[in-house]
Amino acid sequence: MLQNLTGWHALIILAIVVLIFGAAKLPALAKSVGQSMRILKTEVSEPATDTAPETASRPVTPRDARAYVDAVAADDLARPVARAAE
């Protein structure tokens, strides 16, 4: 299907893209496509690190739950409080 495309076809497609998106938005569009491709490439190349089998083999104890609650509370206390507009 794509073997029959020539340089003229590419120019026509490029002109249609410029008409649809506008010349000002094309650099931002290209940047976002490039970032998306980079993210996809790194996600595909890295091995999956799934922690579900480890947690499924051992039941959660009350000590684990308490440690989690303490950690969340300590994190909340460390954050500054945003004051409401007076």
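Heavy-atom basis, side chains included; hydrogens, waters and symmetry copies ignored.
Among residues two or more places apart in sequence or in another chain, the side-chain contact (heavy atoms from CB on, under 4.5 Å) test is passed with Ser45 by none. Every residue meeting the side-chain contact (heavy atoms from CB on, under 4.5 Å) condition with Leu40, not counting sequence neighbours, appears here in chain and number order: Val44.
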Just distance, no hydrogens or angles: give the donor-acceptor pairs under 3.5 Å from side chains in residues 13-21, sequence neighbours left out.
none

Enumerate donor-acceptor pairs with a distance under 3.5 Å from any side-chain N or O in residues 27-35 to protein atoms, sequence neighbours excluded.
{"unit_1": "Ser32", "atom_1": "OG", "unit_2": "Ala28", "atom_2": "O", "d": "3.4"}
{"unit_1": "Ser32", "atom_1": "OG", "unit_2": "Leu29", "atom_2": "O", "d": "2.9"}

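Other members of the cluster containing Trp8 are Leu11, with ILVMFWY side chains joined at under 4.5 Å, either directly or via other members.
Note on residues 9-30: pairs passing side-chain hydrogen bond (donor to acceptor under 3.5 Å, both in side chains), not counting sequence neighbours, are Thr6-His9.
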